[in-house]
Structures are given as C-alpha cells and as structure tokens.
2 protein chains.
Amino acid sequence: MSEPAAKKEQYSVIGKSVPKVDAYDKATGRARYTGDLKVPNALVGKILRSPHAHARIISIDTSKAEQLPGVKAVITAKDVPSVMYGISPARYDENIFAVEKVLYVGDKVAAVAAVDEETAVKALNLIDVEYEVLPPVLDPFRAMDPDQPQLHEQYPRNISVEIHQNFGDVDKALADAYHVRTDTFSGTRAAHVPMEPHAALSKWEGGKLTITCSTQSPHYFQYHIARVFGLKMGDVRVLKSYVGGGFGGKLEPSGAEYVSAALAMKTGRPVKLVFDRWEVFVHHRGRHPQHITLTTGVTKEGKLLGCHARFIIDGGAYTSLGIASAYYAGAMLPLIYMFDHYRFDGFRVHTNLPSCGAQRGHGAPQPRFAFESQLDMIAKDLGMDSIDIRLVNARKPDTMTPNEFKVNSCAFTEAIQKARRISGWDEKKGKLASGKGIGIGCGGFISGNGYPIYRTRLPHAGAVIKVSEQGDIATLYTGAVDIGQGSDTVLAQMAAEAMGIDFEDIKLVTADTETTPHDFGAYASRQTLMSGWAVKEAGEEVRRQVLELAAEMLEANVEDMNVDRRVIYVKGSPEKSIPFERVANEFFITRGPLVGRGKYAPPKLGGSFKGAPVGTSPAYSFAAQISQVETDEETGQVMVTDVWDVHDCGQVINPTLLHAQVEGALFMGMGEAMYEAMVFDANGKPLNANLGDYRIPTALDVPQVVSDLVDSYEPAGPWGVKEVGEGATLPTMGSYANAIYDAIGIRIYDMPLTPEKVWRAIEQRKRQEREAAEKK
Amino acid sequence: MSEPAAKKEQYSVIGKSVPKVDAYDKATGRARYTGDLKVPNALVGKILRSPHAHARIISIDTSKAEQLPGVKAVITAKDVPSVMYGISPARYDENIFAVEKVLYVGDKVAAVAAVDEETAVKALNLIDVEYEVLPPVLDPFRAMDPDQPQLHEQYPRNISVEIHQNFGDVDKALADAYHVRTDTFSGTRAAHVPMEPHAALSKWEGGKLTITCSTQSPHYFQYHIARVFGLKMGDVRVLKSYVGGGFGGKLEPSGAEYVSAALAMKTGRPVKLVFDRWEVFVHHRGRHPQHITLTTGVTKEGKLLGCHARFIIDGGAYTSLGIASAYYAGAMLPLIYMFDHYRFDGFRVHTNLPSCGAQRGHGAPQPRFAFESQLDMIAKDLGMDSIDIRLVNARKPDTMTPNEFKVNSCAFTEAIQKARRISGWDEKKGKLASGKGIGIGCGGFISGNGYPIYRTRLPHAGAVIKVSEQGDIATLYTGAVDIGQGSDTVLAQMAAEAMGIDFEDIKLVTADTETTPHDFGAYASRQTLMSGWAVKEAGEEVRRQVLELAAEMLEANVEDMNVDRRVIYVKGSPEKSIPFERVANEFFITRGPLVGRGKYAPPKLGGSFKGAPVGTSPAYSFAAQISQVETDEETGQVMVTDVWDVHDCGQVINPTLLHAQVEGALFMGMGEAMYEAMVFDANGKPLNANLGDYRIPTALDVPQVVSDLVDSYEPAGPWGVKEVGEGATLPTMGSYANAIYDAIGIRIYDMPLTPEKVWRAIEQRKRQEREAAEKK
C-alpha cells in the first residue's frame with residue numbers, strides 16, 4: 001500500500017523551511033496572549049481552591065467578601081449550573097465548584113470578580129469555608145481496597161476504568177516461548193508546564209458568550225461550555241489569541257473558562273481569569289503515573305511471541321481524558337514490533353491528587369519505557385545486541401497490529417539502521433570508557449485519532465479558502481489551532497502548494513468557532529494530516545476553478561494547464577502563461593468570489609471489537625532514538641551528552657519546524673526521564689507545584705541532538721505526511737535507561753533517573769559485589 | 001418594466017423591525033470606536049497644520065521637537081513618499097505633507113509620534129516653520145481671473161473642472177416657452193459633523209501595514225494607501241472598528257490614515273492618530289457651496305419645456321471627490337420632473353479654503369433647492385398650486401431622463417399625492433394664520449452609482465456565507481460597511497431571508513480587506529441594493545445546496561422543497577419536514593463546508609456621451625416633502641413645526657431603520673437649510689470650526705416628522721429595494737424656503753435661512769411696502 005519514495009515530487013512551497021508566520025510577533029514581544037488582553041471595564045476573576053485533599057464542605061460564608069469595596073461578584077456552587085462536565089464522554093464528574101466534597105488540594109470552591117487582582121485576592125481570603133477533613137486516598141494500589149473512602153459514588157472501589165483486551169492466545173505463546181521475563185516499571189506524575197498558564201477572557205453580551213482563551217480546541221470548548229451553561233452552540237463563541245503551549249493540558253476547558261464565563265454572566269462585565277503557576281500544577285490533567293508489569297516471551301532468536309501487560313494507573317481526582325489515556329497505554333504497546341499475541345489488563349483508579357489526563361505522547365511513553373527496557377534485558381539474556389533484537393521484530397509496512405491498527409507506510413527498520421550508523425553504535429556499544437554508555441529506545445505514534453470523542457459523525461476538519469478580488473492574496477479559514485507548534489505556518493504552506501501560489505500570499509483566520517470551519521483542534525498529532533487534507537482539498541478546489549478559467553483565457557485545454565508559484569501556464573508551451581493574480585481577479589469579475597472548500601474524514605479504521613477504535617489512526621510514524629550518557633559514580637549524576645533521533649514521519653512540510661518538534665518532544669521526554677515528578681506530602685498537599693522546585697530541562701541540561709529522517713511517503717496523508725509532534729517523547733526514557741545500564745550496569749525500573757536513585761543503585765551494586773567477593 | 005406591487009410576497013425576516021445588531025453595544029457604551037482602541041506600545045500621532053490659507057514654506061526645523069523626551073519621530077514631506085494622492089481618478093493633487101506651499105488653514109506640514117498626547121502636542125509647538133505668506137484666493141468668482149494666484153500648476157485659472165452638457169435644444173425650448181424665469185440661488189459650505197472624528201490606528205509589522213480606522217470604504221482605502229506607499233495591496237489590510245458616522249467625509253483616506261501609517265513605518269510601533277474637532281472641520285471634504293443660476297421655461301399649463309443650469313462651485317484647496325460632486329450637481333437636476341431639453345454649464349474652482357467633497361446627497365441638494373424654489377415661483381407666476389405644477393411634471397415609471405438615466409419603478413406622483421393628503425395641504429396652503437406657512441419640496445436619488453471610480457471592471461460587491469458545522473448559525477462575510485446607518489442589520493436580514501433561517505442565526509464579519517470579499521463601501525446609497533444583491537445570491541446558493549440535500553433525505557423532488565424560518569418542508573406536505581440545522585449539519589458531514597457565494601455588478605446603464613455614466617444608477621428613489629413653519633416677524637426666527645415626508649424607496653427591509661434614515665437625512669437637510677455654514681475671516685481662517693459656533697440641529701430644534709411611504713417595487717433591486725439613506729436631504733431646503741414664502745411672502749435665495757437674513761428681508765419688504773404706500 002505505501003507508495004514508493006520515488007513518488008515524492010518536487011514541491012514549490014512545502015518541504016521548505018519558511019519562517020513561522022508568527023515569528024516576528026513572538027520575537028519582538030508583540031504577540032499578545034490571553035493574559036495580555038485588555039478590555040475596557042473588565043474585571044479580574046480569581047478562584048478559591050481547597051486546601052484539603054479530601055474534605056466535606058460544611059458551610060461557605062461569602063458575606064465578608066461581598067462587602068469588600070471593588071468586589072463585583074462572589075459565586076459558589078449555588079450560583080452556577082449544576083450540570084457536571086468532563087472531557088471523556090459519559091464521564092462527567094466535575095462541577096464548576098465543589099458541591100459537597102472537595103477531592104484534591106486545589107479543587108474549586110468559590111470565585112470572585114473584582115476590579116483588580118489585589119482586591120480579588122483579598123476577597124478570596126475573606127471567604128469563610130468550614131470543612132470536615134476526610135482521610136485522603138493517595139495510593140493507587142490501596143485505592144481499590146473496599147475499606148478505602150470512595151471519591152465518587154458512581155465509581156465503586158475508586159476504579160475509574162477497567163480495561164481487559166486479549167488478542168491471540170498469550171498464555172500459549174508464553175508457554176511456547178524459549179525465554180520469558182516478567183518485570184515491573186513505573187512512571188511519574190509529570191506535568192505539561194506550558195509557559196503560558198491557562199487563561200480566559202469571557203464576555204456575556206446580549207445572550208451570547210464569547211470566550212477568548214488559551215485552548216487547543218475552540219470547537220471542543222464551545223461544545224462543552226454550551227452544554228454546561230445550557231446555551232445554543234451558536235451563542236457560544238470560543239476563539240484564541242496566541243497560545244503559549246498546551247501539550248494536552250488545554251484540550252479540555254478548565255476553571256479559567258467555566259468560572260470566568262460564570263462570573264461574566266453574573267456581573268454583565270468582561271472577566272479575565274488567569275491561573276497562577278500553582279493552579280496550573282494542581283489543575284494538572286498531565287501524565288498519569290503508571291505501574292506496569294510486562295510478561296514477554298521470545299524465541300531463541302529473539303523473535304517476540306507474545307506479551308501480557310498489566311497496568312495500575314493513578315488517575316487523580318477526576319476523569320479528565322483518562323479513559324483514553326488508559327486505553328492508549330495498552331493499545332499503543334504492540335505498534336512498533338510485530339507479534340500476534342497480546343493481552344492488556346488495566347485499571348485507572350481515583351486518588352485525592354491532581355487529575356491526570358492527556359500529555360504529549362498520551363499514555364504511551366511510560367509503557368514504551370517499560371517495553372524498551374525489558375527488550376534490552378531480553379537481548380542481554382539471549383546474548384543479542386540491543387539493535388539486532390529490534391531489527392528482528394521491527395514492524396514492516398502494510399501490516400496490522402494484533403489490536404487491528406492498520407499500518408501503511410513504515411520505515412522503522414531503516415530508521416533503526418540509520419540511527420545505528422549515525423550514532424556509531426557498533427563502535428560504541430559496550431566499548432565506551434568507564435561510566436559512559438549508549439542505549440537505544442524506539443517508539444511509534446498515531447497521526448490523529450480515527451474516532452473523535454464527540455460529535456462523532458462530523459468530519460474531523462474543514463477548511464475554506466477565499467482568494468482576494470485583486471487575486472494577490474488568499475485567506476485560509478481553518479479551525480486548526482496553532483499552540484506554538486507551527487501549524488498555522490504548515491497549513492499556509494499546504495494551502496499555497498495546493499493553489500500553486502506562494503507562501504507569502506496566504507493570510508490566516510484560524511481557531512475561532514464563529515469564523516472558521518469546524519476542526520477538532522491540536523491533539524493526537526492530527527493537524528498536519530487531518531487539517532492538512534481539508535486545506536489541500538480547499539486549495540485544489542481553488543486551483544481547479546482558476547485553471548478552468550485560465551484555459552478559457554488562453555484558449556487551451558484545462559487538462560494541459562498547470563500553475564506553480566503564481567504562474568499559470570500551458571504544459572509544454574511555457575510561453576503561453578498568465579499570472580494567477582490576473583485570472584483570480586478575472587474570476588471575481590466574471591464569476592464572483594473565488595472560494596475553495598475542503599474537509600477531511602478518516603476512512604474506516606480498526607477492527608470490530610470493543611475498544612479497537614481507540615488509538616486507531618489513518619497513519620503511524622516510527623522512530624529510533626539512541627542516547628549516549630556519562631555517569632558520575634560518586635554522585636549518581638547522569639549527563640546525557642548526545643541523542644540521535646531518526647524519525648519516519650512521511651513527507652516533510654517544513655524541515656525547521658519538524659526538527660523543532662522532534663527536539664521539543666525529546667526534551668519533554670528527557671524531563672520525564674531525568675527530573676520531573678509532582679510530589680505530595682502525606683496529606684496530599686503538593687510539595688513542588690512551582691517552577692523553582694519542579695525541575696524541567698533547561699538549555700544547560702539538554703544534550704546535543706541529531707534529528708534525522710528516513711525517506712518515507714504515507715499514502716493516507718496529504719502529500720504523504722504523518723505525525724511528528726509527539727512521537728519523540730516515547731523512546732527517550734527507554735534509551736536513557738538502557739544507556740545507563742550500558743555505562744554502569746545499573747537497571748532503573750522507576751522514573752525519574754535522579755542522581756539519588758542512581759547513586760543508591762550504584763551503592764547497592766557495590767555492596768553486592770563486595771558481599772560476593774567476601775563469599776568467595 | 002417595474003413589477004406590480006402585487007408581486008411583493010410575504011417575507012419572514014425582511015420587512016421586520018428587528019433590533020440593530022449593534023444596538024446593545026452602542027446603548028451600553030461597550031462599542032469601541034477607533035479612538036477607544038488600546039494597543040500595547042502604541043504611540044500617539046499628531047499633525048502640525050498650517051496657520052495660513054496660502055503660504056510658501058521657506059524652512060522647517062524639527063530639531064527641538066526631536067530632542068523632547070518621549071518623542072519617537074518627527075516627520076515632514078522629506079520623510080514620506082512624494083506620490084500624490086486624491087480620490088478623484090487622475091486628479092491626484094495632495095501630498096501627505098505640503099511640499100512647497102500650503103493651500104488652506106489646516107494643510108498638513110509635519111507630524112510627530114510620541115508616547116502620549118501631551119508630549120505630542122508639546123512637540124508640535126517645538127517645530128519651527130518659516131512661511132512666506134501669499135495672498136489667499138477666497139472668492140470662487142474671482143478665482144478664475146487670470147490675475148489671481150494660481151493654487152495648482154496643473155489647473156489654470158484655478159478651474160478644477162469645467163462641465164458642459166447639452167441635451168435636446170434648450171434655446172429653442174426656452175424660445176417656445178409661454179413663460180421663462182431666470183433666478184440665482186446659493187448654498188453653503190456645510191460640514192458632515194460626524195460624532196466620531198477621523199481616526200486611525202496603524203501597525204507596520206513584517207512589511208505589512210494594518211490600519212484600523214473610521215472609514216466608509218476599507219477597500220478604497222486599501223487601494224489608495226497601497227498606491228501611495230508603494231505596497232502590494234495584499235500587504236495593506238484596512239479594517240474598521242465601530243464607525244460613528246461618515247456622511248461622505250470618510251470615503252477617502254485622510255491624514256489620520258496616511259500620517260499614522262507613515263509614523264508607524266518610521267517608528268516600527270503602532271501609532272494612533274485621532275483628529276480633534278477643529279481638524280475634522282478644516283479637513284472638511286463636505287458640501288461645496290454652489291452658486292446656481294437657472295433659466296427655466298414652461299407652457300401656459302405649467303409643463304416644463306427646458307432648463308439651462310449654470311453653476312459656480314467653490315471646491316476649496318484640493319480636488320477630493322469634487323469632480324463627481326460637480327457632475328452630480330447638474331446630472332441629478334432633471335431626474336424627478338420630465339422635460340427633454342436641458343443644458344448644464346458648471347465650473348468647480350479652487351480657493352484657499354477647506355476642500356469640498358462628497359456629503360450626503362452628494363452635489364444634489366443645493367440644485368434641488370434652487371429648482372424647487374424656482375418651480376414655486378413659476379407656479380405663482382402662472383397662478384397654479386405648487387403641488388399641481390409638480391403633478392403635471394412628475395416623472396413616470398419606465399422613462400428616461402434627458403441625460404439618459406433609465407428609471408424603472410417610480411411612484412413619485414403617488415408620493416406627492418400622499419404628502420398632499422397627510423399634510424392637509426389643501427386646507428392649509430395660503431390659508432394658515434399670519435406668520436404660518438406650508439411649502440413643498442421634492443427630490444430623487446440614486447441607489448448606488450453604476451460605475452465605480454476605481455477598479456472599474458470589478459463587481460461592486462461580493463458576499464460569502466459559511467454555515468456552521470452544527471448548522472445553527474451562518475456567518476456572513478461582506479465588505480459592506482456599517483457606519484451607523486444599520487447596513488449590518490439589513491444585510492443580516494437579507495441573508496436570513498435568502499437562506500430561510502432566522503435573523504438571530506446570522507453572525508457577521510464585515511468591512512475588512514483581508515477577511516471579507518470586495519465591496520466598494522458605504523456611499524451613494526448603494527449597499528442595500530448592491531451589497532444586498534451579493535448577499536441574496538450567496539444566501540440562495542446556500543439555500544439551493546441545503547434543499548438539494550434535504551430532498552434526498554426526505555426522498556422528495558428538490559423543486560417541491562421550501563425552507564422558511566429554519567424549517568425545510570415539502571410544499572403541500574408540511575408534515576414532511578426537517579430542520580435546516582440538521583440538513584446543514586449533514587451537509588458538512590457528507591459534503592464539507594457549506595458555503596454560498598454572491599456578487600453584484602450593475603447592468604449596463606446610461607448613454608454613450610461623455611459624462612453620462614456619472615450619476616447613472618440601477619434604480620432611483622423619489623420623495624415629496626411638505627413642511628410647515630411659523631415665523632416671528634419681530635426677530636426673523638423661523639420654527640419648522642411639522643414635516644411630512646413620503647418616500648418611494650421600494651421594498652422595505654427594516655421599517656425602523658428606514659424611517660431613521662429618512663429622519664436623519666431630513667434633519668441634515670434642516671441643518672443646511674437653517675443653521676450650517678463654515679465661515680472664514682478675510683485671511684481664510686475658519687471662524688466657527690468647533691461645535692459651539694458651528695450650529696447643527698439638536699433634538700430641541702427638529703420638527704415633528706411624519707415619515708411615510710408609497711407602495712413600490714424596484715425590479716433592479718433585491719426583493720425590490722432601492723435607496724433611502726440620502727434622498728430626504730434633497731427636498732428639505734426647498735420645502736422650507738417655499739413654506740416661508742407661504743408664511744410671510746419672503747423669498748430667500750441663499751442658504752441658510754438665518755433669523756438675521758429673514759429679518760432683513762422682512763424689513764426690506766416692510767420698507768418697500770411703506771414706500772409703495774407713500775407713493776400711492
């Protein structure tokens with residue numbers, strides 16, 4: 001099915017590293033994020049949040065706060081709709097404000113709107129809330145015990161979701177195996193840490209709600225906000241200003257949107273609500289800590305026969321997008337290596353901790369870490385090279401995973417081989433100086449999810465292009481959302497390529513439920529493929545109309561016409577040509593507005609069993625990542641000095657942006673591998689919910705990265721594109737852990753790879769070595 | 001040609017007085033005009049203007065101003081493009097800053113951008129300009145003398161334009177006439193006095209200029225600004241915020257746009273420039289004072305045979321839109337009465353006074369005043385009633401004026417008869433108590449001009465409608481410009497009607513060169529007809545697509561389908577129905593974005609002689625206006641107590657807005673009749689360029705108005721519409737003058753009808769009466 005690389009044509013606009021459309025605004029500080037917006041008469045909204053992880057609300061007295069001059073509204077649960085919300089379908093378990101119980105430190109209890117921030121903060125302090133503190137559930141294993149407090153009535157034993165999927169005959173495969181290993185791994189509650197906090201500016205005017213906010217999906221937000229407030233969708237407009245990162249955490253409306261909207265409706269004035277950094281952390285919706293046990297069997301030659309994966313996933317207080325996260329944890333595991341027998345048993349449980357949801361790599365990085373670590377151990381057990389065992393099992397094009405993910409293009413083998421070559425693997429593995437090591441991790445990811453979680457009959461993306469009447473510019477209307485990743489730029493390139501004009505000719509109107517076509521937004525690495533298809537179709541409708549008219553004007557056959565970089569010409573007679581601009585202008589004169597329309601809906605994907613659709617995608621990307629580390633046996637400090645990442649991501653639209661995505665993803669993976677974990681005291685109170693104590697990699701920490709590609713063309717993607725934005729988070733933890741093992745023989749099963757943890761392991765190894773020596 | 005009134009159908013959305021879409025914002029003060037906009041880092045721009053009416057610039061020293069802290073730029077002619085501009089084609093005679101000479105008090109000499117207004121004003125005072133004062137040309141009659149200073153090299157004898165048009169054989173018609181009169185009349189330099197001053201906020205970012213301004217035509221502005229600064233049109237974006245009135249004065253870019261753009265390009269920072277009220281007055285571009293001599297011949301029965309009209313028109317310093325104004329003065333005179341022989345000789349001349357241009361009624365109100373006054377005198381000479389002589393001559397439907405204006409619908413006779421009836425004319429004329437009188441004036445106006453002044457091959461209007469994917473709202477993209485008159489509301493009604501949905505379902509994106517289709521803008525009363533056609537066509541394209549799909553869904557024939565107020569049904573089987581919303585949603589699911597496109601280009605109009613196209617329109621409206629006055633012989637004070645206006649304006653889209661337009665126009669006519677005139681000292685310095693001394697009618701001054709209509713359907717207009725926004729300015733001066741004559745026997749030939757002028761005329765009449773009595 002996947003088309004040969006030879007099919008790649010030479011393109012005029014795609015494949016070029018044009019500068020980002022917002023580079024100038026961002027570099028000069030002109031870009032205005034939601035928090036920068038100034039609106040006359042606006043109030044400042046602030047949320048009062050629970051200081052307890054688990055407590056019953058006895059009473060709330062807002063009278064003192066209401067009397068503070070400058071306070072325009074104080075609201076609690078009784079002032080807002082009691083409609084529960086959430087982002088997982090049929091799992092609506094959150095209220096705008098806690099009704100009876102608070103379920104985590106940071107749960108929303110009340111809010112104020114005041115003339116300025118100082119007054120708003122003072123007013124929060126004047127709200128008296130009486131709590132009956134309840135014992136918190138903090139341990140995901142104990143959470144399922146019947147004697148534990150139950151957080152939600154509707155989720156017995158605090159089980160948020162329980163998933164059991166079984167493909168082939170795993171028991172037999174393991175029984176038949178030459179070698180079987182069982183190992184347990186765990187990951188952390190890593191956070192998105194977007195540079196821009198969640199923020200919303202809500203206006204309520206004439207029965208219509210307009211929310212400008214930091215969002216990954218205005219169209220999802222519109223749906224949910226209309227639902228909660230009982231408004232017609234057409235009476236809710238959601239749009240964005242610049243967005244300073246989302247990483248999955250801004251796919252669902254937060255208190256910023258719901259509460260500012262409620263305050264705007266109460267006061268009749270615009271209300272701006274910006275989270276502080278502590279709120280960003282406790283609101284969370286980031287990485288689920290997973291406890292993963294893998295039992296895997298192989299042949300003597302290292303061929304994978306089957307795998308049984310068991311997950312205990314800490315979901316925190318609410319569901320958020322956790323149902324999908326739990327599915328992805330298991331569903332993406334068999335993507336990159338070929339084996340037929342697979343079983344997956346998962347439990348997502350509720351604790352009185354911040355709610356976990358979608359985060360770059362969505363559910364998949366920790367299982368990938370587990371599998372890549374175990375695969376290295378199996379290779380060692382079999383006396384095989386880590387790369388050789390991967391090559392034996394690497395997925396091939398036009399194959400199907402046991403859980404029915406249909407893979408078209410796949411240059412995974414080539415990616416592994418190229419990584420091996422450019423990293424100098426064969427000269428380094430097991431041969432580096434003391435304390436130095438090299439390791440490999442691999443990954444694969446979806447290019448958008450095949451099934452939307454809401455409004456499931458809608459196409460996933462629409463696009464409209466209107467060419468100006470003088471013909472010199474074209475405005476692309478797309479609901480796709482640039483959250484910093486550069487999708488505006490990439491889609492503008494695609495529009496220009498499809499129409500045969502230049503990148504500079506494209507103007508953009510994006511991510512506004514009122515003026516742009518429906519698009520599910522920025523998540524699941526879907527936009528380049530899905531929004532891109534819609535843009536391509538819209539551009540080609542423009543191109544076709546222009547070429548038809550040009551053929552008339554040049555007295556030629558339309559089949560003989562072509563357009564490239566604004567010049568329309570007769571193929572084979574390049575002297576017969578006419579500028580695009582002139583034809584577009586003539587089009588308006590003789591036929592009216594020149595408009596093209598496009599949409600994208602994925603083909604039918606996946607199998608028929610329950611849960612199969614979750615995770616299925618029109619296309620999958622693959623990556624091999626090799627890391628080199630230096631360890632300090634005295635301190636346990638690990639320095640990652642070099643990373644070689646080779647991605648199979650199909651056609652490249654903008655090389656600079658593509659490599660920036662790879663680097664961003666693998667540095668995010670690095671954070672999760674090396675530094676990041678939200679930690680809590682015994683009462684569930686966060687101890688590092690600030691940028692001083694919660695450490696993320698800085699420019700000083702990151703390794704030298706070589707981001708490279710293999711030639712690839714994805715038939716399901718426009719011009720052959722597929723994912724690049726998230727995949728590189730997946731191999732990182734495994735490649736680091738494997739490199740450390742290569743360096744010092746230490747196997748770390750739980751993230752992150754802190755110096756203390758490495759040092760303790762080194763000390764333990766030394767002790768064991770001493771003891772062994774003594775025994776002799 | 002004109003269709004019978006019976007053709008009017010019952011409509012669901014048009015014909016209803018829905019509230020203006022911006023009523024809420026404007027009533028609550030939320031509406032933000034350009035001057036209200038706040039942008040981070042913005043500078044304030046201010047213009048240094050000439051204190052002399054005519055002077056040579058010897059030197060400009062900006063050094064002291066530049067050294068003032070907070071000043072970011074000081075610019076003069078040497079810092080800006082030397083490309084001349086204007087709004088009349090091939091009559092570019094203005095510079096951003098005066099290069100060698102200043103031509104009126106207020107001419108632009110230099111400008112500053114500073115951190116705040118106080119600093120900017122201080123900096124203006126620090127600019128040293130040395131002038132050689134030249135004798136000013138202030139009298140339009142003397143201006144043409146060869147000994148007078150010449151303002152522009154290219155206009156010998158200061159003649160801006162000279163127009164001679166001759167239809168039929170006027171000399172023979174006058175020679176054949178039973179009665180011939182020659183009278184001379186004059187009008188004033190009345191001003192638009194928009195409540196919002198001219199204002200622009202310019203940004204220069206990445207080689208692209210974005211100007212948010214108070215404009216009647218973003219698309220004209222874009223064209224001219226791109227031309228002057230040598231930019232691609234696509235790199236100039238012009239859009240508007242709310243606009244607080246234009247009345248013709250904001251059809252051409254002013255110093256607000258050109259200078260703020262130049263300052264933004266110089267400083268790299270946003271620059272906001274708002275005129276003060278004095279600047280609004282001296283920039284002017286308002287009414288030309290005309291001196292009009294009419295020689296008119298009639299039969300014994302009062303039938304008009306021919307007319308020779310001569311005009312001397314004071315154009316002020318620059319051309320502005322004055323070429324068209326001068327043409328309109330003559331071209332619109334023979335519109336409302338039927339006669340075959342017409343000659344028109346006009347001279348527009350330059351003086352060192354503020355430049356005159358387009359103002360509501362454009363060129364036509366003063367000639368109409370002259371003709372309506374003279375017609376009353378002729379009626380008196382013949383012993384006829386003022387209304388009877390009008391009925392004898394009133395234009396009939398499906399006729400052609402001598403200068404080849406093709407009139408379709410025309411219910412002028414009915415309008416006169418209805419005005420006669422509702423005013424009680426027959427009981428009042430010549431029969432009211434002493435000092436009271438009643439008079440009639442009539443008028444007619446175009447519904448857009450048939451030929452655009454620029455980009456003449458472009459259709460006049462385009463429209464795009466995108467229906468939301470859930471199907472519950474539709475966004476109308478139109479370049480039409482709501483300047484307060486309500487066009488957004490009217491076009492939204494038209495869009496809803498065309499699609500068969502409700503007014504509340506329409507969202508608007510308007511008047512933005514980047515996101516909305518081309519439209520020439522708000523002038524010449526063109527939008528309801530011209531933009532309306534484009535909107536109707538776009539709406540009907542949506543309707544057609546929806547009905548086709550609905551027919552499939554309901555298994556019916558598309559010819560049998562109808563849609564009304566969101567319900568699609570099978571005609572004759574109303575039980576077979578489906579909501580518009582559901583079908584539109586299904587359309588997106590199965591076919592992609594639901595988009596409709598429309599455009600309007602007028603049919604070929606007018607004759608073949610030079611000048612004929614100017615003023616020709618697809619449709620003409622007609623009005624009869626009867627006014628009743630009370631005069632005080634002691635003081636000369638005139639009180640207009642009642643006005644009855646009967647308009648023939650075709651199908652009504654929004655009755656409340658329509659009557660508001662009639663009232664606004666006739667109050668503007670009242671200002672010109674009673675109070676308004678810019679006055680100057682002997683050096684050309686304005687004496688009343690402020691809202692204290694320049695008097696406009698207030699709520700306390702205006703009469704009781706009955707605005708009524710006659711049944712009418714215009715085949716050239718969508719749903720039968722034609723003009724209403726300007727026509728009612730035309731009859732007012734004449735009807736007042738005629739009423740005063742009826743009251744006290746005084747004939748005033750020159751506007752305005754000030755108490756002093758009326759008192760002097762009364763005193764003169766008394767003196768003459770005394771002298772006559774003494775003679776006896």
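In the text below, chain A, chain B and the rest are named by the order of the sequence lines, each starting its count at 1.
- Proximity to chain A (any heavy atom under 4.5 Å) is restricted, for B/Thr516, to the backbone atoms N, CA, C and O.
- Within 6.0 Å of the CZ atom in A/Arg227, the count of heavy atoms belonging to other residues, nucleotides or ligands exceeds 12.
- Contact of B/Ala461 with chain A is made through the backbone alone, with heavy-atom distances under 4.5 Å.
- Formation of a donor-acceptor pair under 3.5 Å by the B/Thr475 side chain with backbone atoms of A/Thr515 is not found in this model.
- For chain A, the nearby part of B/Tyr477 is the side chain; its heavy atoms alone come within less than 4.5 Å.
- Using a 4.0 Å cut-off between charged nitrogen and carboxylate oxygen, A/Asp505 and B/Lys232 count as a salt-bridge pair.
- The greatest number of non-hydrogen atom pairs below 4.5 Å with chain A, out of B/Glu205, B/Glu586, B/Lys38, is found for B/Glu205.
- The number of heavy atoms from other shown groups lying within 6.0 Å of CZ (B/Arg591) is above 12.
- Using a 4.5 Å cut-off between heavy atoms, B/Glu581 makes no contact with chain A at all.
- Scanning both residues, A/Gly598 and B/Pro593, for their nearest heavy atoms gives O-CD, 3.1 Å.
- Heavy-atom minimum distance, B/Arg30 versus A/Pro270: NH1-CD, 4.1 Å.
- Of the listed residues (B/Val467, B/Asp36, B/Asp472, B/Asp25), the one with the most heavy-atom contacts under 4.5 Å to chain A is B/Asp472.
- Heavy-atom distances place no part of B/Arg237 under 4.5 Å from chain A, backbone and side chain included.
- With a threshold of 4.5 angstrom between heavy atoms, B/Ile589 approaches chain A through its backbone and through its side chain.
- Proximity of A/Ile473 to B/Asp235: side-chain heavy atoms (C-beta onward) are nowhere separated by under 4.5 Å.
- Within the 4.5 angstrom heavy-atom criterion, no atom of B/Asn41 approaches chain A.
- Annotation: side chain of A/Lys599 is not in contact with side chain of B/Glu469 (no heavy-atom distance under 4.5 Å).
- In terms of heavy-atom pairs under 4.5 angstrom with chain A, the leader among B/Glu537, B/Lys203, B/Arg597 is B/Arg597.
- No part of A/Glu541 comes within reach of chain B, as not one of its non-hydrogen atoms sits under 4.5 angstrom from that chain.
- Interface remark: of the candidates B/Pro459, B/Ala23, B/Gly462, B/Pro40, B/Pro459 forms the most heavy-atom pairs closer than 4.5 Å to chain A.
- Crowding of A/Arg457 atom CZ: a count of heavy atoms from other residues, nucleotides or ligands under 6.0 Å not exceeding 12.
- With a 4.5 Å cut-off on non-hydrogen atoms, B/Tyr24 touches chain A through its side chain but not through its backbone.
- Residue B/Ala534: no heavy atom, backbone or side chain, is found under 4.5 Å from chain A.
- When each of B/Met233, B/His219, B/Lys208, B/Glu504 is checked for heavy-atom pairs under 4.5 Å with chain A, B/Met233 comes out on top.
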